[in-house]
Amino acid sequence: METNTSTNNNFIKNIVNEDLKTGKRKEIITRFPPEPNGYLHIGHAKAITLNFELADEFGGKTNLRFDDTNPVKEDIEYVDSIQEDISWLGFQWENLYFASDYFEEMYERAVLLIKKGKAFVCDLSADEIKEYRGNLTAPGKESPYRERSAIENLELFEKMKNGEFKDGEKVLRAKIDMSSPNINMRDPVIYRVVHTTHHNTGDKWCIYPMYDYAHPLEDAIEGITHSICTLEFEDHRPFYDWVVRECEMKSVPQQIEFARLNLTNTVMSKRFLKQLVDENHVDAWDDPRMPTISGLRRRGYTPESIRNFCREIGVAKSNSIVDFQMLEHFIREDLKMKAPRTMAVLKPLKVIITNYPEDKVEMLEVENNLDNLEMGNREITFSREIYIEQDDFMENPIPKYFRLFPGNEVRLKGAYFIKCNEVIKDDAGNILELHCTYDPETKSGSGFTGRKVKGTIHWVDAKNGVPAEFRLFHHLILEGKKEEGKTFLDYINPDSMEILQGFIEPSMKSSKPQDKFQFFRHGYFNVDTRYTTDEKLVFNRIVSLKSSFDTGKK
Ligand code: ATP
Ligand code: MG
């Protein structure tokens, strides 16, 4: 499977290639333009990977531009987190811009439109504007304010700017065509009055440009050649081109749309993700169950795995839903060779090895990663008392159960064969511990061939093992047929997190946040950055070992 290169061809690449070949473009400049109204999610990672790698492949540049033209929902916390996430993904922007730095130029271009008779101040209310707009079958109706003179419009627009009107009292609209089959061309609003402090420009402005007017100007001002956006903007493209043309921008960007990424078992809009945080369905934006980049990072995903995923899903012209398992596939692939393979017991059951000397502690040498011997070996301790997994013992075994049960012998991974002789219970009948014996002849690596056992189980030495917490995650959103009138909140999985207290090998005692391991039989785990303390390590399960997913490529 080809996952490490960006050579997968896509239709956008073909356009860029052609533009360079025909001389339409001398260089390629792309941008990633997030609105700082939330943390980035995996869908943004797709757009980031696409924009940065596209420019990079053709020797071009990519700007990071905060599309901060809406003062109401934006916040500096988001500005910081977005930069952190892009850098962490491994991309470096050429320039960092704020769209709000272009407010002056946007204003001047609006004045130009007014002078050309291409924009007018309208007194209709928002509801009236909507009503006048018409719909797909009915043409719109012209505003009674449409024929105001340029002089009057200039005066009114100036007054809007000077704060002489209340929010919603007046807007500036482009003057195009109320009977256009494309509703976006029916005199769209381009400026509105909002008396709110802006995180970058403070109280300097009380009129703000609308997205559809601002975005093409931002692209043109920065000399963006290919402005890549998601499919829902396809119908906005005629207005995008209109703005660039009528505002007489020197540089002419080309808007190209691609399908946004949708994933199963989650929600992907910042608005919904914010709701999950605000209503305490999750801890924070970086909760390991969140599809945010910071959540995936805290969960234990690597930048490589996310980039590879984004490349593999490719760029298409029609929307589809990608299975979450595809993302999981890429983190397994990435960690397979990198993560040390160690043992952790998540639901402990004590085992006393009755024929093992009381005070003896033995050092056993085991490989760190059998698939990558370059990772070397480590030592683990073995002594009279160990923990095994509760699930690895059955008092009354079901057919084909090859793990531990009374009278049965199993191999302890990297150590000895043990045989269960006695089950110790409390008065209520709960199992307290097992009494086993070991066979010294069967030491792992000794070449013992005397007899075979069918089951191998993992364990942690009770004397030197280290207590740890394990957090197992399940999908945040339950898939299934969505009923009418219900929202995603009705499909939140109430059991999306399971917290367990168990033990890890002593070799992991000094692990640091973000260290990653493959726990024998349990999957890949990451040391949590928020809840880990000097006293206690907390592990997030990134993904289990098994996958039923097949990418269909070899
Ligand atoms: P959200 O609904 O999550 O707020 P958005 O599109 O409003 O998403 P922006 O901050 O405006 O978020 O997005 C920045 C860029 O990321 C845009 O160019 C947008 O097209 C792209 N993007 C956002 N979501 C996705 C997605 N799911 N898949 C691909 N690209 C996306
Ligand atoms: Mg948005």
Side-chain angles (χ1 to χ4, degrees), residues 10 12 29-55 62-70 72-75 77-83 85-86 89 91 93 96-100 199 209-212 214-216 218-219 222 224 226-237 240 253-278 285 290-296 306-307 309-324 326-327 477 488:
N10 64 53
I12 300 181
I29 306 179
T30 61
R31 87 288 175 263
F32 176 65
E35 185 181 356
N37 61 348
Y39 281 60
L40 297 181
H41 51 64
I42 181 81
H44 292 114
K46 177 176 175 180
I48 291 168
T49 306
L50 176 62
N51 276 296
F52 278 87
E53 293 194 340
L54 184 72
T62 305
N63 292 339
L64 168 58
R65 179 206 311 146
F66 287 104
D67 211 328
D68 57 351
T69 52
N70 178 357
V72 184
K73 291 180 286 173
E74 298 163 359
D75 197 286
E77 175 193 350
Y78 303 136
V79 169
D80 294 341
S81 75
I82 288 170
Q83 293 179 62
D85 288 349
I86 298 172
L89 278 176
F91 297 110
W93 50 87
L96 188 147
Y97 293 126
F98 288 85
S100 55
H199 79 96
M210 301 301 287
Y211 181 87
D212 277 351
H215 204 85
E218 295 159 21
D219 286 341
E222 291 175 20
I224 301 301
H226 299 82
S227 173
I228 299 165
C229 64
T230 44
L231 276 184
E232 63 275 21
F233 289 100
E234 198 163 12
D235 290 344
H236 300 232
R237 193 183 339 127
Y240 181 103
Q254 177 184 0
Q255 176 180 303
I256 305 171
E257 309 85 15
F258 74 105
R260 64 194 297 125
L261 168 66
N262 295 301
L263 266 188
T264 59
N265 296 105
T266 193
V267 285
M268 198 102 87
S269 162
K270 280 179 284 185
R271 190 159 57 88
F272 295 153
L273 295 172
K274 186 168 188 315
Q275 205 174 343
L276 287 172
V277 177
D278 290 346
W285 283 96
M290 291 280 269
T292 49
I293 296 181
S294 53
L296 292 167
I306 296 176
R307 291 200 306 261
F309 167 76
C310 291
R311 289 172 190 141
E312 184 65 23
I313 54 176
V315 183
K317 258 295 191 193
S318 60
N319 283 315
S320 64
I321 302 181
V322 174
D323 198 309
F324 204 94
M326 176 119 168
L327 184 58
I477 304 289
F488 76 98

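Order of appearance sets the numbers: ligands from 1, and atoms from 1 within every ligand.
Using a 4.0 Å cut-off to heavy atoms of Phe32, the atoms of ligand 1 that qualify are 14 (C), 15 (C), 16 (O). Listed by number with element, the atoms of ligand 1 under 4.0 angstrom from any heavy atom of Met268 are 3 (O). Close approach of ligand 1 to Phe258 (heavy-atom distance below 4.0 Å) involves ligand atoms 29 (C), 30 (N). Each of the following atoms of ligand 1 lies closer than 4.0 Å to a heavy atom of Ala47: 16 (O), 21 (C), 30 (N). Which parts of ligand 1 touch Ser269 is read off a 4.0 Å heavy-atom cut-off, strictly below it: atoms 2 (O), 3 (O).
With no hydrogens or angles considered, a side-chain donor-acceptor pair links Glu77 and Tyr39 at under 3.5 Å.
Pairing each heavy atom of Pro36 with each of His199, the nearest pair is CG-NE2, 4.5 Å. Taking every heavy atom of both residues into account, Arg31 and Ile228 meet most closely at NH1-O, 3.0 Å.
At distances below 3.5 Å, not a single donor-acceptor pair connects side-chain atoms of Arg307 with backbone N or O atoms of Lys46. Using modelled atom types, no side-chain atom of Asn63 and backbone atom of Tyr97 make a donor-acceptor pair closer than 3.5 Å.
Of the heavy atoms in Arg271, none comes closer than 4.0 Å to ligand 1.
With atom 6 (O) of ligand 1 as the reference point, the heavy atom nearest to it among Arg260, Lys270, Lys274 is part of Arg260. Nearest to atom 20 (O) of ligand 1 by heavy-atom distance, out of Thr230, Ile48, Thr49, is Thr230. Counting only non-hydrogen atoms, the option in Arg65, Glu35, Arg31, His44 that gets closest to atom 12 (O) of ligand 1 is His44.
Taking distance alone, with nitrogen or oxygen atoms compared against 3.5 Å, Lys46 stays at or beyond that limit from ligand 1. Residue His41 has at least one nitrogen or oxygen atom sitting less than 3.5 Å from a nitrogen or oxygen atom of ligand 1, judged on distance alone. Distances between N or O atoms of Gly43 and those of ligand 1 include at least one value under 3.5 Å.
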Are Tyr211 and Phe233 close enough, and set up right, to give a ring-ring contact (aromatic ring centres under 6.0 Å, His included), and what steps lead you there? CA-CA 11 Å; Tyr211 181 87; Phe233 289 100; 5.5 Å; yes

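For Phe272 and Phe488, the distance between ring centers is under 6.0 angstrom.
Not counting sequence neighbours, the partners of Arg65 by the salt bridge (charged side-chain N to carboxylate O under 4.0 Å, His left out) test are Glu218, Asp219, Glu222.
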